S.K.: 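Here you go, one structure.
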Amino acid sequence: MKEKIEPVELPVATADGKFIACYSENGLAKLEFPNPKRRSRGDESQTQNSVGDSSHRLLQDKIRGWHRLTEVALKKFLTGSASQKLPPLDWTGKTEFQKSVWRALLKIAPGKTKSYGEIARAIGRPKAVRAVGGACGANPIPVLVPCHRVLAANNKLGGFSGGLERKRSLLKREGIKI
DNA sequence: GACAGATGAAGGA
DNA sequence: TCCTTCATCTGTC
């Protein structure tokens, strides 16, 4: 049986605070917004996650590479510009519907927005607008998977897992006015 | 199986 | 123009 690799959490320091990126053996699995209440966990030392044999070392190298991509991409997103390269995203265990919604989100260009209805039509389920909202809320990798670029009808903000203020701020940096 | 949800559209005041 | 109501679809418990 294949050994299970524990997820690796790494901090990403940005002007907005310290995001927490969580990597699995398949790629970036989760990105958490800065949370002042969350206790610091020793920063970069988290990379030394019980590195034992050479395959683990290879994985650590791989994750370090992904982390660099994540840092660059996140900082670019936070300044409102597009990132050409993203680390592989690990959506293991998520439903096909959610993955298709998130794939549609990745296609939204910086500075552009789409409505929940447009996303629903883009994935071929024009009536699943509420479910699209649910999938956006379940997005484990906000900012990089730009669920903040999805607005409700009439150019209203809708909601955002990281808080509406953060959504408004991200959109403002991309030059989008609500 | 029931319920909730980050919606959208239509109708009425 | 704003507010309310209802239809619709999916995920979660």
Side-chain angles (χ1 to χ4, degrees), chain A residues 4-9 11-12 14-38 69-71 73-83 86-178:
Chain A
K4 181 101 175 110
I5 307 291
E6 289 296 315
V8 176
E9 290 186 0
V12 185
T14 72
D16 280 37
K18 195 192 283 180
F19 286 72
I20 304 293
C22 183
Y23 300 90
S24 72
E25 54 194 312
N26 299 317
L28 177 61
K30 200 166 74 173
L31 184 66
E32 289 179 23
F33 282 104
N35 183 356
K37 289 179 193 155
R38 188 188 168 114
L69 285 176
T70 304
E71 282 184 320
L74 187 57
K75 284 172 185 170
K76 285 204 166 198
F77 271 104
L78 290 174
T79 55
S81 55
S83 176
L86 289 177
L89 306 179
D90 180 13
W91 290 335
T92 308
K94 305 299 179 184
T95 67
E96 269 313 305
F97 177 81
Q98 289 175 327
K99 285 187 266 191
S100 58
V101 169
W102 300 335
R103 272 193 291 267
L105 298 186
L106 287 172
K107 289 181 188 163
I108 307 177
K112 305 277 182 191
T113 61
K114 280 196 188 298
S115 71
Y116 293 101
E118 284 175 310
I119 296 295
R121 282 192 289 275
I123 63 172
R125 297 178 187 252
K127 292 178 180 175
V129 284
R130 293 194 75 149
V132 167
C136 290
N139 174 18
I141 312 171
V143 185
L144 296 191
V145 178
C147 50
H148 60 281
R149 295 190 190 130
V150 186
L151 303 178
N154 307 320
N155 223 28
K156 285 189 290 193
L157 261 186
F160 190 56
S161 53
L164 284 181
E165 272 312 306
R166 204 186 298 276
K167 180 173 187 175
R168 207 192 310 270
S169 156
L170 284 166
L171 290 172
K172 198 172 161 188
R173 287 175 215 186
E174 295 186 9
I176 299 163
K177 289 199 178 83
I178 309 296

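Residue numbers start from 1 in every chain, and the chains themselves are labelled A, B, ... in the order their sequence lines are given, proteins ahead of strands. Computed from a predicted model, the values in this text were never measured in an experiment.
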S.K.: How long is the gap from CG on A/Leu74 to OG1 on A/Thr79, to the nearest 0.5 Å?
M.R.: 9.5 Å
S.K.: How about NZ on A/Lys99, more than 12 heavy atoms from neighbouring residues, nucleotides or ligands closer than 6.0 Å, or not?
M.R.: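 Yes, the 6.0 Å shell around NZ holds more than 12 heavy atoms from other groups.
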S.K.: Which range-with-range stems can be found for DNA chain C when each stem has 3 or more Watson-Crick or G-U pairs in a row and both distances sit under 3.5 Å?
M.R.: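 Ordered by first number, the stems with DNA chain C (at least 3 consecutive pairs each) read B:1-5 with C:9-13, B:7-13 with C:1-7.
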S.K.: Do the side chain of A/Trp91 and the main chain of A/Pro140 share a donor and acceptor less than 3.5 angstrom apart?
M.R.: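 It does not hold such a pair.
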S.K.: Contact list please: residues 130-148 of chain A against DNA chain C, heavy atoms, distance less than 4.0 Å, in numerical order.
M.R.: A/Arg130, A/Ala131
S.K.: If you assign A/Arg121 and A/Tyr116 each to the DNA chain B nucleotide with the nearest heavy atom, which residue ends up on the more 5' nucleotide?
M.R.: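 Between the two, 5'-proximity favours A/Tyr116.
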S.K.: Among residues 89-98 of chain A, which ones have heavy-atom contacts with DNA chain C below 4.0 Å?
M.R.: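 A/Thr95, A/Phe97, A/Gln98, in order of number.
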S.K.: Taking heavy atoms of chain A and a 4.0 Å limit, find me the 5'-most and 3'-most nucleotide of DNA chain B within that range.
M.R.: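 Terminal contacting nucleotides, 5' to 3': B/dG5 to B/dG8.
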S.K.: Determine yes or no for a side-chain-to-main-chain donor-acceptor pair under 3.5 angstrom, with A/Asn26 supplying the side chain and A/Thr92 the backbone.
M.R.: no
S.K.: Tell me which residues in residues 157-165 of chain A lie within less than 4.0 Å of DNA chain B, going by non-hydrogen atoms.
M.R.: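 DNA chain B contact set from residues 157-165 of chain A: A/Gly159, A/Phe160, A/Ser161.
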S.K.: Would you mind reporting whether A/Thr70 and A/Phe19 have side-chain heavy atoms less than 4.5 Å apart?
M.R.: no
S.K.: May I have all residue pairs that pass salt bridge (charged side-chain N to carboxylate O under 4.0 Å, His left out) and include part of residues 154-170 of chain A, sequence neighbours excluded?
M.R.: A/Glu165-A/Arg168
S.K.: How would you list all residue pairs meeting salt bridge (charged side-chain N to carboxylate O under 4.0 Å, His left out) that involve residues 115-125 of chain A, not counting sequence neighbours?
M.R.: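 Pairs touching residues 115-125 of chain A that pass the test: none.
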S.K.: Kindly indicate whether the side chain of A/Val101, heavy atoms from C-beta on, has any atom under 4.5 Å from the side chain of A/Asn139.
M.R.: no
S.K.: Do A/Leu28 and A/Leu69 come close enough that some side-chain heavy atom pair is under 4.5 Å?
M.R.: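 Sidechains of A/Leu69 and A/Leu28: no contact.
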S.K.: Kindly state each residue pair satisfying ring-ring contact (aromatic ring centres under 6.0 Å, His included) with at least one member in residues 109-150 of chain A, sequence neighbours excluded.
M.R.: none
S.K.: Considering all heavy atoms of both residues, which atom of A/Gly159 and which atom of A/Leu164 are nearest to each other, and what is their separation?
M.R.: CA-CD2, 3.6 Å
S.K.: Would you say that more than 12 heavy atoms from the other residues, nucleotides or ligands in this model lie under 6.0 Å from the NZ of A/Lys75, or not?
M.R.: yes
S.K.: Calculate, to the nearest 0.5 Å, the distance between atoms CG and OG1 belonging to A/Leu151 and A/Thr113 respectively.
M.R.: 4.5 Å
S.K.: If you measure from OH on A/Tyr23 to CG on A/Leu89, what distance do you get to the nearest 0.5 Å?
M.R.: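 The OH atom of A/Tyr23 sits 10.5 Å away from the CG atom of A/Leu89.
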S.K.: Kindly write out the residues that satisfy ring pair (Phe, Tyr, Trp, His ring centres under 6.0 Å) with A/Phe77, not counting sequence neighbours, or none if the list is empty.
M.R.: none
S.K.: What heavy-atom pair brings A/Ala135 and A/Trp102 nearest, and what distance separates the two atoms?
M.R.: O-NE1, 2.9 Å
S.K.: How long is the span from the SG atom in A/Cys147 to the CG atom in A/Leu106, to the nearest 0.5 Å?
M.R.: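 So the gap between those two atoms works out to 10.5 Å.
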S.K.: Any chance you could measure A/Leu78, atom CG, to A/Leu170, atom CG, to the nearest 0.5 Å?
M.R.: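 If I round to the nearest 0.5 Å, the distance is 6.5 Å.
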S.K.: Can you list every pair that meets salt bridge (charged side-chain N to carboxylate O under 4.0 Å, His left out) and has a residue in residues 138-151 of chain A, with sequence neighbours left out?
M.R.: A/Arg149-A/Glu174
S.K.: Can you tell me how far NZ of A/Lys30 sits from CD1 of A/Ile141, rounded to the nearest 0.5 angstrom?
M.R.: 10.5 Å
S.K.: Going by heavy atoms closer than 4.0 Å, what residues in residues 101-115 of chain A are next to DNA chain B?
M.R.: A/Ser115
S.K.: How would you give the extent of chain A contacts on DNA chain C, as first and last nucleotide 5' to 3' within a 4.0 Å heavy-atom cut-off?
M.R.: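 Terminal contacting nucleotides, 5' to 3': C/dA7 to C/dT12.
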